[in-house]
Amino acid sequence: MPSPSVAAKGAKGTKIPLLGLGTWELRGRTCVRMVEQALRLGYRHIDTAEMYDNEREVGEGLHASGVKRGDVFVTTKVWPSHFAPRELERAARESLSRLRLREVDLLLLHWPNPQIPLADTLGALCKVKRDGLARHIGVSNFTVKLIEEAVRLSSEPLVCNQIECHPFLDQSKVIAACRKHDMAVIAYSPIARGGAGKDKILARIGAAHGKTAAQVCLRFLVQQQIAVIPRTSKERRLSENAGVFDFTLSAQEMKEIASLSRRDGRVVDWSYSGSPQWD
């Protein structure tokens with residue numbers, strides 16, 4: 001099972017558990033059950049968002065688990081249509097109300113919104129942090145150019161950039177930009193929406209370690225100190241996804257897996273209207 005001590009490090013020494021549960025598309029009792037079960041199994045990182053329309057269920061699962069609040073790293077995200085300063089603060093407070101929390105551990109800007117000045121949005125995000133609604137703040141789906149701009153404009157440390165990241169997509173430039181600014185990388189869709197299970201190279205490497213292709217895929221990322229938040233609606237997958245801390249990939253295996261990446265390897269083909277194309 002995952003160890004709470006295994007964490008990616010962001011700005012100012014922020015520790016983000018390397019393994020989390022993504023909750024995109026989880027709804028109703030399934031969402032409650034998966035969050036509760038993940039926490040009981042040892043997960044200590046739960047990711048949700050205003051747009052997912054499941055913050056109430058995530059909060060219910062969190063409270064039902066019996067795990068102490070201080071032991072769980074909870075992330076949520078503000079939707080770009082609420083990036084105007086007053087709307088951002090209101091959205092953050094409404095997320096906390098739905099989650100039944102006084103603060104979240106991490107509040108992110110979900111997608112870039114070029115229709116609202118980034119300086120205004122970041123000013124509001126920093127204020128939310130100073131007001132005690134979020135312990136840490138960060139961004140999601142930001143390009144290299146936007147990372148540079150955001151770091152320059154923010155008066156508070158931006159601890160991470162949450163992006164689509166898996167062996168089939170070349171995100172090396174964005175990852176390098178994050179590390180340049182001491183920002184952690186959190187990978188969503190880390191097994192490429194199930195695509196990892198169909199890859200022969202990952203399957204072969206997995207067989208050598210007694211692991212599945214999906215586990216090799218996740219190990220490839222966490223071994224680089226990239227946090228992963230795979231989503232699943234199946235309880236048996238929770239245990240499988242957690243089984244990535246008891247083996248190590250060799251340098252040759254890491255190189256072979258890295259060779260799978262390509263510029264057009266994205267599996268998430270959606271973006272907020274008007275968002276810039278990826279670098």
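Just so it is clear, the model here is predicted, and its values are computed rather than measured. When reading the values below, keep in mind they use all heavy atoms of this one structure, side chains included, and skip hydrogens, waters and symmetry mates.
- A donor-acceptor contact shorter than 3.5 Å links the side chain of S250 to the backbone of E253.
- Here L21 contributes atom CG and R237 contributes atom CZ; the two are 14.0 Å apart, rounded to the nearest 0.5 Å.
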_Could you go through Q224 and V185, starting from their C-alpha distance and side-chain angles, then the distance that decides it, and tell me whether this counts as side-chain contact (heavy atoms from CB on, under 4.5 Å)?_
CA-CA 10 Å; Q224 298 176 72; V185 176; over 6 Å; no
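- Residues L41 and S239 share a closest heavy-atom pair of CD1-OG, 3.8 Å.
- Remark: side-chain polar atoms of D105 are paired, donor with acceptor, to backbone N or O of V74 under 3.5 angstrom.
- A donor-acceptor contact closer than 3.5 angstrom links the side chains of N54 and T48.
- Between atom CZ of residue R69 and atom CG of residue L62 there is a gap of 6.5 Å, rounded to the nearest 0.5 Å.
- With hydrogens and angles disregarded, a donor-acceptor distance shorter than 3.5 Å links the side chain of T121 to the backbone of F83.
- Annotation for A92 and L133: closest pair CB-CD1, 4.4 Å, computed over non-hydrogen atoms.
- One N or O on the side chain of Y43 and one on the backbone of L238 form a donor-acceptor pair closer than 3.5 Å.
- Under the 4.5 Å side-chain criterion, counting only non-hydrogen atoms from C-beta, H82 is not in contact with R90.
- For the residue pair H209/Q215, the side-chain donor-acceptor check at 3.5 Å is not satisfied.
- Taking CE from M51 and OG from S81, the interatomic distance works out to 10.5 Å, rounded to the nearest 0.5 Å.
- For P80 against I116, the heavy-atom pair with the smallest separation is O-CD1, 4.2 Å.
- Pairing each heavy atom of Y52 with each of K77, the nearest pair is OH-NZ, 3.2 Å.
- Taking the side chain as every heavy atom from C-beta outward, D131 and E89 approach each other to under 4.5 Å.
- Closest of all the heavy-atom pairs between L39 and G61 is CD1-O, 4.3 Å.
- Under the 4.5 Å side-chain heavy-atom criterion for grouping Ile, Leu, Val, Met, Phe, Trp and Tyr, V32 is not connected to V35 through any hydrophobic cluster.
- By the 4.5 Å heavy-atom criterion applied to side chains, V244 and F220 are not counted as neighbours.
- Residues D47 and Q162 bring a donor and an acceptor atom of their side chains to less than 3.5 Å of each other.
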*Given the rule in the side-chain contact (heavy atoms from CB on, under 4.5 Å) test, do H63 and L101 qualify, once you have shown the distances and angles that lead to the verdict?*
CA-CA 10 Å; H63 288 86; L101 298 176; 4.3 Å; yes
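- The pair E57-R27 fails the salt-bridge criterion, with no side-chain N (NZ, NE, NH1 or NH2) lying under 4.0 Å from an Asp/Glu carboxylate O.
- None of R29, R98, R33, E55 except one satisfies the side-chain contact (heavy atoms from CB on, under 4.5 Å) rule with E60; the exception is R29.
- Side-chain contact between S140 and L109 is absent, with no heavy atoms from C-beta onward closer than 4.5 Å.
- To the nearest 0.5 Å, the span separating CD on E94 from OG1 on T76 amounts to 12.0 Å.
- Using a 4.0 Å cut-off between charged nitrogen and carboxylate oxygen, E148 and R152 do not count as a salt-bridge pair.
- Counting only N and O atoms by type, the side chains of H110 and E50 include no donor and acceptor under 3.5 Å apart.
- Checked for salt-bridge contact, K145 and E149 miss the test: no charged N lies under 4.0 Å from a carboxylate O.
- You'll find the side chain of I205 reaches within 4.5 Å of the side chain of I201, heavy atoms only.
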*Take L125 and L107 through the test side-chain contact (heavy atoms from CB on, under 4.5 Å) and record every step on the way to the result.*
CA-CA 8 Å; L125 186 66; L107 183 66; 3.7 Å; yes
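- Side-chain contact between I46 and T75 is absent, with no heavy atoms from C-beta onward closer than 4.5 Å.
- In terms of modelled atom types and a separation under 3.5 Å, the side chain of S154 and the main chain of P157 share no donor-acceptor contact.
- Contact check on D246 versus K211 returns a salt bridge, with a Lys/Arg side-chain nitrogen under 4.0 Å from an Asp/Glu carboxylate oxygen.
- The distance from the OG atom of S189 to the CD1 atom of I229 is 8.5 Å, given to the nearest 0.5 Å.
- Panel note: side chain R44, backbone V72; no donor-acceptor pair is recorded below 3.5 Å.
- At a threshold of 4.5 Å between non-hydrogen side-chain atoms, the residues I137 and E156 count as touching.
- For the pair Y188 and W24, the minimum side-chain heavy-atom distance is 4.5 Å or more.
- Here the straight-line distance linking atom CZ of R179 with atom CG of N161 works out to 12.0 Å at 0.5 Å rounding.
- Residues L108 and C160 come closest through the heavy atom pair CD2-SG, 3.6 Å.
- Connection of V268 to L169 is not established within any shared hydrophobic cluster, with ILVMFWY side chains joined at heavy-atom distances below 4.5 Å, either directly or through further cluster members.
- Between T248 and Q223, the side chains place no donor N or O within less than 3.5 Å of an acceptor N or O (distance only, hydrogens not considered).
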*Test side-chain contact (heavy atoms from CB on, under 4.5 Å) applied to H166 and S261, step by step*: CA-CA 8 Å; H166 46 76; S261 72; over 6 Å; no
